[in-house]
Amino acid sequence: MKKVLSGMRPTGKLHLGHYLGVIKNWLELQEKHDCKFFIADWHALTNKYKQTDDLKENIKQMIIDWLSCGIDPEKATLFIQSGVKEHAELSLLFSMITPKSWLELNPSYKDLKFNLYYQYLRDFLAGKQVKIIQTPPSEDFDQAVERASGKVRNKIFEEYLREAFFRAFYNKKGIDFKGLKETLIKLGIQKKIVEEAVKNLEEGDVGKDIDTLGFLAYPVLQAADILIYKAEAVPVGEDQLPHIELTREIARRFNNLYDSIFPEPEAMLTEESKLPGIDGRKMSKSYNNAIYLSDDQQTVNKKVLEMKTDPQRVRRNDPGNPEVCIVYDYHRIFTDKDTVKDIDKKCRNAEIGCVDCKKILAQNLNRFLDPIRERRKEIEKDLPTYEKIFQEGTEKAKAIASETMTEVRKAMRLWEF
Ligand code: TRP
Ligand code: SF4
């Protein structure tokens, strides 16, 4: 039995990707370990401080989503970060002993910037009618640049765009805007459009929002979240590993400087869900391709009907290839093994039509979601009662956090009130 802690930023309703990637894992952990799960609302502020109108609503949605999935307050302590002010105190004290360079070198910080810039570039080009094509090309990137040189096509493979930007972003200390411009033009996008896009990136506001102290100190707050409960294991996705490493470094530094009171927590790596969104891209709110845990039956039916299938299968009697079909990716997870086998065979022999295949999937998805929907209905009928669970959880967490803080103040020889 380990002390396990994890948190989630309240950024909106949860979808199937969150369920398979995170919640499913938490459901297993709560059976075996001493778990604390919390809503990291202060962390949501680090990049969303300008739009706080929906923060309360997002926290509510998160409460409903967690509980309706079966995250159980009898088994795990559930709380809201901003209710335990001690996190802020510990974060402040940690900031005294954390070298700035540890934060500036943090890859997650750079990656977030990368994503913001890249997303902007992508959207800008799409807005200028540059076609961005999803299917990854088989060709090597450098060869592709060579071959495309000079031809104006106004059409680019997403993989190439990403690669071009990746090189511009990570090869040098700053961003190599000049190199980026040259590569994109070589790849066949109109010079005028490229110049405008890159100029906006260089001089515009993209990414400036997160040039704040709070954002830079994000991992310090996260270290405080974890260490204040002396957690031993932290289930997180791969993107969070640098934050856990930093937490360990801060713990070590504190223990060396003062008294040894903090354990060095381990990351418990959670595999990211590979389930694509209905258009085949990564499932994400921003791509508008997600199936939400709160979607009703009709919405799910509609989304399943919209799913991309094997593009080679145009007519009903064309044989299909389930390996390249999104519907099939879903069947693998939500349909029983025998039926999956059967579909595989019938698809390859053109014995089943895509619409029928989708109907089976929609049924199974709805069967999976139904119990969650039932619980959601119960919870929504009496939300204050369920919010109280989080109030009580917050009190419980606070009791532990304040004990640790007494130890911390003592170790640091601070004034004791
Ligand atoms: N940074 C985490 C994320 O974006 C959320 C988080 C905040 C967290 N504090 C935490 C996760 C402490 C684990 C432990 O996913
Ligand atoms: Fe995909 Fe099913 Fe159509 Fe085959 S029959 S292409 S698995 S939707």
Side-chain angles (χ1 to χ4, degrees), residues 3-11 14 18 21-22 25-26 29 35-48 62 79-82 84 87 90-91 106 108-109 111-112 215 217-229 231-244 246-248 265-270 272 278 280 304-332 335 339-362 364 397:
K3 280 192 201 166
V4 171
L5 172 110
S6 198
M8 219 190 263
R9 282 172 299 141
T11 51
L14 300 187
H18 295 119
V22 185
N25 190 242
W26 287 11
L29 290 170
C35 290
K36 294 186 186 66
F37 300 127
F38 73 98
I39 298 178
D41 55 344
W42 277 339
H43 275 114
L45 285 179
T46 57
N47 60 342
K48 286 273 171 66
M62 188 151 273
F79 68 98
I80 300 173
Q81 183 186 36
S82 65
V84 189
H87 290 221
L90 187 56
S91 176
N106 185 319
S108 310
Y109 182 61
D111 290 350
L112 203 103
F215 189 85
Y218 183 116
V220 180
L221 178 59
Q222 185 159 346
D225 296 338
I226 296 168
L227 295 174
I228 208 162
Y229 303 104
E232 296 155 300
V234 187
V236 284
E238 199 175 358
D239 63 313
Q240 296 289 309
L241 291 182
H243 291 157
I244 308 302
L246 198 92
T247 302
R248 295 160 62 83
E266 304 273 350
M268 233 180 205
L269 198 59
T270 335
E272 210 190 322
I278 61 172
V304 171
L305 277 177
E306 281 171 26
M307 275 183 196
K308 289 223 177 106
T309 57
D310 174 1
Q312 304 290 344
R313 202 176 178 204
V314 186
R315 263 161 281 131
R316 168 72 173 74
N317 49 4
D318 292 337
N321 177 7
E323 301 296 328
V324 296
C325 176
I326 293 151
V327 179
Y328 193 74
D329 290 334
Y330 278 72
H331 273 306
R332 278 190 221 262
T335 302
T339 314
V340 175
K341 257 201 211 146
D342 194 47
I343 288 174
D344 179 283
K345 197 178 111 250
K346 287 187 171 153
C347 173
R348 289 177 198 276
N349 298 332
E351 290 166 29
I352 184 174
C354 291
V355 173
D356 287 332
C357 183
K358 285 176 168 179
K359 274 189 188 147
I360 300 173
L361 175 66
N364 291 342

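Indexing begins at 1, ligand by ligand and atom by atom, following the structure's order. Values reported hereafter were calculated over all heavy atoms of this structure, with side chains retained and with hydrogens, waters and symmetry mates removed. Residue numbers start at 1 and run along the sequence shown.
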Could you list which atoms of ligand 1 come closer than 4.0 Å to a heavy atom of [X]?
X: Y218; result: 1 (N), 2 (C), 3 (C), 4 (O)
X: S6; result: 13 (C)
X: I226; result: 12 (C), 14 (C)
X: V234; result: 13 (C), 14 (C)

Within this structure, what is the [atom1]-[atom2] distance for the pair [X] and [Y], rounded to the nearest 0.5 Å?
X: D318; Y: C347; atom1: CG; atom2: SG; result: 10.5 Å
X: Q240; Y: T270; atom1: CD; atom2: OG1; result: 9.5 Å
X: L29; Y: F37; atom1: CG; atom2: CZ; result: 5.5 Å

Exercise. Knowing that exactly one of L305, T309, V304 qualifies, which makes a side-chain contact (heavy atoms from CB on, under 4.5 Å) with M307?
Worked result: V304

For this session: Please say which of V220, V234, I226 ends up in a side-chain contact (heavy atoms from CB on, under 4.5 Å) with T247.
Result: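 Between T247 and the candidates, side-chain contact (heavy atoms from CB on, under 4.5 Å) is satisfied uniquely by I226.
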
When you measure from [atom] to every protein heavy atom, which one gives the shortest distance, and what is it?
atom: atom 8 (C) of ligand 1; result: Q222 NE2, 3.6 Å
atom: atom 9 (N) of ligand 1; result: D225 OD2, 2.8 Å
atom: atom 7 (C) of ligand 1; result: H43 ND1, 3.2 Å
atom: atom 3 (C) of ligand 1; result: Q240 NE2, 3.4 Å

For this session: Heavy-atom distances under 4.0 Å are what count here, so tell me which part of F38 touches ligand 1: side chain, backbone, both or neither.
Result: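 For F38, the contact with ligand 1 is made by the side chain alone.
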
Problem set entry | Backbone N/O of D41 and side chain of S82: donor-acceptor pair under 3.5 Å |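 Absent.
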
Exercise. Do E266 side-chain atoms and A233 backbone N/O form a donor-acceptor pair below 3.5 Å?
Worked result: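 It does not hold such a pair.
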
Exercise. With sequence neighbours excluded, what pairs up with R9 under the side chain to side chain donor-acceptor pair (under 3.5 Å) test?
Worked result: Y218

Problem set entry | Minimum non-hydrogen distance to atom 4 (O) of ligand 1, winning option of R9, M8, K36 | R9

Exercise. Which of the listed options, G7, A231, A223, G237, holds the heavy atom that is closest to atom 11 (C) of ligand 1?
Worked result: G7

Exercise. Between E323 and R348, is there a side-chain N and carboxylate O pair less than 4.0 Å apart?
Worked result: yes

For this session: For Q312 and N321, test the side chains for any donor-to-acceptor distance below 3.5 angstrom and give the result as yes or no.
Result: no

Exercise. Leaving waters out, which protein N, O or S atoms fall under 2.8 Å from atom 1 (Fe) of ligand 2?
Worked result: C325 SG

Exercise. Going by the angle between their ring planes, with limits at 30° and 60°, are F79 and H87 parallel, tilted or perpendicular?
Worked result: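 The rings of F79 and H87 stand perpendicular, inter-plane angle above 60°.
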
